[in-house]
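Right, one structure below, let's go through it.
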Amino acid sequence: MKRIVLSFLMLLCMATIYAQKVKHPSLLYTPERIQSVKNRIAREPEVAECWKQIKETADKKLQNGGLNDVEYLSLTYLMTGEKKYSDRIKKILLDVIQAKTWGSAEMLARIPVWTADLGLSHKAHLSAIAYDAIYNDLSTSERKEIALGLKRLALDPSLGDWLLEPTRIHALNSMGHNWWTSCVCMGGLLALSLQNEIPEAKEGARFLNEALPEWFSFAGDVLQQKPKSFDDAGGMYESLNYANFGIQEALKFRLAWMNMNPGERQPEIPELEKISDYFMHVCYPRTGILYNLNFGDSHKNVSAESSLMLLYALGIRNDNMLWYMNQVGQGQHRDGYFMNRPMGFLYTPNLSKAPEVPELKKSQLFSDFGWATMRTSWEKDATMLAVKSGHTWNHSHADANSFILFHKGVDILKDAGNCWYPNPNYRNYFFQSQAHNVVLFNGKGQSREQQYHGSTLRGYLHHLLDGDNVKYVLADGTGPYSDQFSRNFRHFLWIDNVIYMVDDLKTHDIGHFEWLWHPGGEAKKQGIDLDITNGNSSIVVRPLYPRLLAKSDFVHDYPEDLYWEVVEAPTEDLKGTENYYSFHLPAKVDRVKGLTAIILKDTPGEKELPQMERREGKDWIGLRIRNKGKVTDLYINQLADGRLMHSNSWIEADGWFTDAYMFAVTYEEDADPADSNDLFVCYGSALRRGTTSYFASLSKLFIIQKKENRKLKLWIEGQPKVHATFGNMKRPSALEVNKKAMPVIYERAVVKVKY
């Protein structure tokens with residue numbers, strides 16, 4: 001009787017183990033996905049055409065296809081069930097497991113030895129897809145042989161180097177960027193595929209699934225100057241290219257785990273909810289392929305539809321994501337999830353309901369890693385200004401306070417880009433400050449050692465305001481330049497069709513300043529202007545302070561004005577050279593205010609440009625701008641740049657009395673400036689005229705004020721608690737502060753705002 005009971009228990013145990021065996025395929029090319037695209041083929045000609053192209057590619061690889069071709073072969077096998085495709089995949093897998101190692105010679109020579117890198121993780125991913133696809137066509141011995149080979153070549157190195165004790169050598173602090181998710185998650189994908197034959201693989205995959213949120217929430221560290229991985233607004237510091245790659249790799253594993261463990265509660269990753277907005281805020285919709293910000297080691301034609309498709313498959317969905325995916329086209333970049341490639345074919349949702357434009361705000365600040373974008377609209381070929389001032393290290397270049405300007409479909413003021421890392425031009429030019437739109441001092445930018453060791457003191461962006469036709473953001477690049485600069489601030493004030501860039505600079509020693517401009521089109525000096533044109537896109541760069549650009553080529557006749565230098569540099573593809581401009585201030589100084597107007601032209605032939613008059617008074621400099629029936633007076637307080645310690649920086653300018661760093665008043669031609677409806681105040685606690693207080697606050701604030709049809713609109717930045725008053729107005733019918741309605745509190749002819 002005892003023997004019968006034991007036999008029964010053994011059978012029950014075996015049955016339980018058998019019941020827990022994973023059914024294949026179940027990773028990413030699931031039966032549900034296969035059936036879904038088959039249904040779409042029957043009713044959507046575009047999907048049918050993409051399937052035709054995929055099958056043709058697979059057919060070409062039946063005779064000589066290798067591991068890099070298994071995605072096409074696997075999908076075609078699962079779609080058709082034709083054994084010739086699985087036979088080819090089986091041969092490929094049996095061949096590749098004969099290798100001695102999949103590690104690279106460079107990594108194997110390191111101390112300690114790195115047995116797994118990006119190349120190995122790519123092979124792990126392909127092997128997992130292939131093994132999962134043909135699992136049911138393999139004999140028991142073939143499954144075991146292939147599984148043991150993949151364990152030795154990829155599974156053990158990936159999880160051993162990057163995740164599991166007692167062999168792990170990497171930490172999130174040392175390699176917690178895109179390498180970590182690629183090496184760990186593709187090893188985890190392979191573990192999911194092999195777990196029937198390699199029981200311990202399942203535990204490795206489970207540990208990874210539980211640990212994955214740590215990568216997303218990594219907060220950085222002080223000792224080795226590592227930034228946090230994700231901004232509170234959803235962005236990732238590691239350039240768009242590598243952010244998308246790292247996120248994509250993590251999401252592939254998470255999706256495969258969920259496919260294999262349906263209904264199981266997953267560890268929470270709150271960062272996933274914000275990622276899609278990040279990718280959209282850093283894109284530039286245009287006629288042609290979608291452009292994206294190429295700060296750092298990225299390219300403007302890189303896109304992030306792969307991450308968005310995987311998020312969508314995970315259930316994180318909104319119509320804006322459909323809009324983004326609808327913008328991405330063939331030729332975007334080599335790793336795209338296009339419909340005629342396996343992952344795009346399976347995971348592109350129906351885009352027929354994609355909106356024409358997304359429902360997103362037009363400006364976004366990523367304060368944790370120092371990017372900001374401001375745009376005129378979400379329509380194609382609009383104007384977008386992107387500013388960067390954050391951390392320098394790894395894929396993040398020495399470009400604090402740099403910017404890119406997109407206008408009429410092109411990056412008319414551009415980033416020089418990047419190239420293949422082993423090329424000397426990468427470390428000597430593309431990574432360095434000279435490849436960006438920044439200010440140099442004595443020919444130097446950020447310290448070159450920051451490429452490897454990072455910027456001990458990072459840059460920052462602050463106080464983004466978007467009042468529709470008036471926008472503002474402050475860039476502080478003092479930290480990364482602190483070996484030379486004690487102040488390196490750059491203000492971007494965008495009013496109507498002009499971007500005013502104010503550089504507030506103070507250095508430790510006396511020397512020469514120069515401003516760099518990287519044109520994204522044909523650049524030509526015209527008098528005091530630099531005109532840049534590319535197709536329908538055209539702008540005018542006009543330096544106004546500290547000096548104008550010398551009027552003619554006879555620079556010696558203008559010894560105090562800016563002179564220019566045309567600098568030759570390599571193109572991004574390294575196939576030729578291109579020119580950028582450097583504007584030099586001849587004087588040797590240690591403090592300077594630079595004011596440059598960037599005029600956005602509607603057409604290259606536009607003649608009626610804003611008229612700008614330089615004006616100065618006691619302790620202030622400024623401009624009077626006449627443009628299309630409006631006048632804007634811009635004032636810059638020369639006392640408010642840190643030179644006063646405890647005394648406040650009060651000035652009187654044209655009847656205005658203020659302590660503001662900078663302010664602007666816009667009014668109709670021939671009207672009294674005192675009747676202005678539009679005000680901009682930068683870092684001020686009061687703006688008065690005679691006995692009238694236009695604005696007052698105990699703390700210095702950043703303000704945009706607009707009066708429209710008795711409605712008062714305010715945008716306020718600077719402090720978490722605000723108690724401010726706004727005067728010189730009748731009682732408004734409505735009040736809006738930072739796009740939110742507030743009750744109107746009107747006493748003694750002023751509006752009170754308190755929060």
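- Across L159 and V184, no two heavy atoms sit closer than the pair CD2-O, 3.8 Å.
- Ring pair H436/H518: centre-to-centre distance not below 6.0 Å.
- For E268, the CD atom counts as loosely surrounded, since its 6.0 Å shell holds 12 or fewer non-hydrogen atoms of other residues, nucleotides or ligands.
- Across every non-hydrogen atom of M321 and S276, the tightest pair is CG-CB, 3.7 Å.
- The side-chain heavy atoms of Y683 and L474, taken from C-beta on, include no pair separated by under 4.5 Å.
- For the atom pair CD1 of I316 and CD of E273, the computed distance is 4.5 Å after rounding to the nearest 0.5 Å.
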Between S396 and K388, is a side chain to side chain donor-acceptor pair (under 3.5 Å) present by the stated rule, with each step listed? CA-CA 10 Å; S396 186; K388 183 192 173 191; 2.9 Å; yes
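- Donor-acceptor pairing under 3.5 Å is lacking for the side chains of D483 and S447.
- Checked against the 6.0 Å centroid criterion, the rings of F369 and W371 qualify as a close aromatic pair.
- With no hydrogens or angles considered, a side-chain donor-acceptor pair links Q266 and N209 at under 3.5 Å.
- Checked against the 6.0 Å centroid threshold, F295 and H395 do not count as a close aromatic pair.
- Remark: side-chain polar atoms of T181 are paired, donor with acceptor, to backbone N or O of G246 under 3.5 angstrom.
- The minimum heavy-atom distance linking P112 with I169 is given by the pair CG-CG2, 4.1 Å.
- E305 contributes a side-chain N or O that, together with a main-chain N or O of Y337, makes up a donor-acceptor pair within less than 3.5 Å.
- Rounding to the nearest 0.5 Å places CH2 of W420 at 11.0 Å from CG of D297.
- Put simply, the side chain of L360 reaches to within 4.5 Å of the side chain of H281, judged on heavy atoms.
- The ring of H170 has its center no closer than 6.0 angstrom to the ring center of W179.
- For W215 and F230, the ring centers sit closer than 6.0 Å to each other.
- Side chains of L701 and E717 form no contact here, defined as non-hydrogen atoms less than 4.5 Å apart.
- Between F366 and Y278, the distance from one ring center to the other falls under 6.0 angstrom.
- Of the possible polar contacts, none joining the N442 side chain to the G511 backbone as a donor-acceptor pair under 3.5 Å is found.
- A distance-only check finds a donor-acceptor pair linking the side chain of E572 to the backbone of N418 [under 3.5 Å].
- Remark: side-chain polar atoms of K252 are not paired, donor with acceptor, to backbone N or O of M186 under 3.5 angstrom.
- Listed by chain and residue number, K226 satisfy the side chain to side chain donor-acceptor pair (under 3.5 Å) test with Q224 (two or more places apart in sequence, or in another chain).
- Side chains of S298 and L293 form no contact here, defined as non-hydrogen atoms less than 4.5 Å apart.
- A cation-pi arrangement is found for R458 relative to Y460, the charged atom lying closer than 6.0 Å to the ring centre and inside a 45° cone about the ring normal.
- Residue L461 comes nearest to A372 through the heavy atom pair CD1-N, 3.5 Å, listed as atom of the first residue, atom of the second, then distance.
- Within the structure, side chain to side chain donor-acceptor pair (under 3.5 Å) pairs that include any residue of residues 586-598 comprise R591-D641, K593-Q638, K593-D641 (at least two apart or interchain).
- Using a distance-only test at 3.5 Å, with no hydrogens or angles considered, a donor-acceptor pair links the side chain of Q432 to the main chain of R427.
- Closest non-hydrogen pair, T115 versus D161, comes out as N-OD2, 2.6 Å.
- Checked by atom type and distance alone, the side chain of Q450 pairs as donor or acceptor with a backbone atom of P480 at under 3.5 Å.
- Closest approach of Y472 and H491 over heavy atoms only: OH-ND1, 2.8 Å.
- Using a 4.5 Å heavy-atom threshold, the side chains of N178 and L118 count as touching.
- Looking only at distances, a side-chain donor or acceptor of D415 sits under 3.5 Å from a matching main-chain atom of G417.
- In this structure, the side chain of Y284 engages the main chain of A382 through a donor-acceptor pair within 3.5 Å.
- A distance-only check finds a donor-acceptor pair linking the side chain of H512 to the backbone of P586 [under 3.5 Å].
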Would you sort out whether S239 and N241 count as a side chain to side chain donor-acceptor pair (under 3.5 Å), showing the intermediate values? CA-CA 6 Å; S239 85; N241 182 30; 5.4 Å; no
Carefully, step by step, assess Y324 and S303 under the rule side chain to side chain contact (heavy atoms under 4.5 Å, CB included). CA-CA 9 Å; Y324 184 97; S303 59; 3.7 Å; yes
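- N401 places a side-chain heavy atom less than 4.5 Å from the side chain of N488.
- The structure places CZ of F583 at 9.0 Å from CH2 of W564, a figure rounded to the nearest 0.5 Å.
- Atom OG1 of T392 sits about 13.5 Å away from atom NE2 of H453, to the nearest 0.5 Å.
- Between the side chains of E514 and S582, at least one donor-acceptor pair of N or O atoms lies under 3.5 Å.
- For E578 and K414, the salt-bridge test passes: some basic side-chain N is under 4.0 Å from an acidic carboxylate O.
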Residue pair E249, S182: steps toward the side chain to side chain donor-acceptor pair (under 3.5 Å) verdict: CA-CA 5 Å; E249 301 292 87; S182 181; 3.2 Å; yes
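- For the atom pair CD (Q225) and OG1 (T456), the distance works out to 4.5 Å, reported to the nearest 0.5 Å.
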Taking it one step at a time, do T571 and D573 satisfy side chain to side chain donor-acceptor pair (under 3.5 Å)? CA-CA 5 Å; T571 55; D573 61 10; 2.7 Å; yes
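- For the salt bridge (Lys or Arg N to Asp or Glu O under 4.0 Å) test, no residue two or more places apart in sequence or in another chain qualifies with R254.
- Under the 4.5 Å side-chain criterion, counting only non-hydrogen atoms from C-beta, W378 is not in contact with N320.
- Side-chain N/O atoms of N244 and S306 include a donor and acceptor closer than 3.5 Å.
- Y242 and N394 form no side-chain donor-acceptor contact under 3.5 Å, judged by distance and modelled atom types alone.
- The CG atom of D503 sits 6.5 Å away from the CH2 atom of W515 when rounded to the nearest 0.5 Å.
- By the 4.5 Å heavy-atom criterion applied to side chains, C283 and Y291 are not counted as neighbours.
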